[in-house]
Amino acid sequence: MTEHARYHLHQQLEEVLDERGANTMMELLPPVGWADVTTKRDLDQLEERMDLRFQNVDLRFDNVDSRLDEISEITGLRFNQATENTNLRFNQAADSTNLRFDQATESTNLRFEKVEKRIDAQADRIISKLLTILVPIIAVAVAFLTAMSVWGPG
């Protein structure tokens, strides 16, 4: 509808109705052509398209959720594997350290045993030498005491 056609319609309405009635009727008409007016069918089609778009959005969110779950699962598995590897390495290091400590302890004990044997051998030699010196002295002392008791104090 053109502006000229609208004006002509207003004039005809004024002839049938008064000016106020003509103005009211013109206000009830859409400001543009009927082809531009939205119908219930248009709204239903728009609703269908919107529902499809929301379904697509929901599917995308589901896909994102699935991918995040996969990433979380993979990350969890990798973390568990890293934890197990770390624990294994710590246990190996502890075992190695314990073995080295045991070896050092055994080596130290062997050294102490050697030192003790050397000290014992040295002590045996000193005792042997002392006995070699003391036995004749004791024999002389016993002989002297025996002679003194035989000859008397006098």
Cluster overlap Leu17 with Met26, hydrophobic side-chain contacts below 4.5 Å: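 In one cluster: yes.
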When clusters are formed by joining ILVMFWY residues with side-chain heavy atoms under 4.5 Å apart, either directly or through shared neighbours, do Leu46 and Phe54 land in the same one?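 Yes, one cluster joins them.
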Could you state the interatomic distance from [atom1] ([X]) to [atom2] ([Y]), rounded to the nearest 0.5 Å?
X      : Y      : atom1 : atom2 : result
His8   : His4   : NE2   : NE2   : 7.0 Å
Leu110 : Thr105 : CG    : OG1   : 11.0 Å
Leu131 : Asp124 : CG    : CG    : 10.5 Å
Ser149 : Phe144 : OG    : CZ    : 10.5 Å
Leu130 : Ile137 : CG    : CD1   : 10.0 Å
Thr97  : Phe101 : OG1   : CZ    : 11.0 Å

Got [X] and [Y] here, is their nearest side-chain heavy-atom distance under 4.5 Å?
X     : Y     : value
Thr39 : Leu43 : no
Arg20 : Asn23 : no
Leu9  : Met25 : no

Residues Arg125 and Gln122: side-chain donor-acceptor under 3.5 angstrom: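 Looking only at side-chain atoms, Gln122 and Arg125 do form a donor-acceptor pair, the distance falling under 3.5 Å.
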So, Ser72 side chain and Leu68 main chain: donor-acceptor pair closer than 3.5 Å or not?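 No.
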Keeping to residues at least two apart or across chains, list the salt bridge (Lys or Arg N to Asp or Glu O under 4.0 Å) pairs with something in residues 112-121.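 Matches after skipping sequence neighbours: none remain.
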Residue pairs passing the salt bridge (Lys or Arg N to Asp or Glu O under 4.0 Å) test where at least one lies in residues 44-73, sequence neighbours excluded: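 Qualifying pairs: Lys40-Asp44.
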Would you mind listing every side-chain hydrogen bond (donor to acceptor under 3.5 Å, both in side chains) that reaches into residues 82-96, with sequence neighbours excluded?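 Qualifying pairs, neighbours excluded: none.
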Do other residues, nucleotides or ligands put more than 12 heavy atoms under 6.0 Å from the CD atom of Gln11?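 Atom CD in Gln11 is crowded, with more than 12 foreign heavy atoms closer than 6.0 Å.
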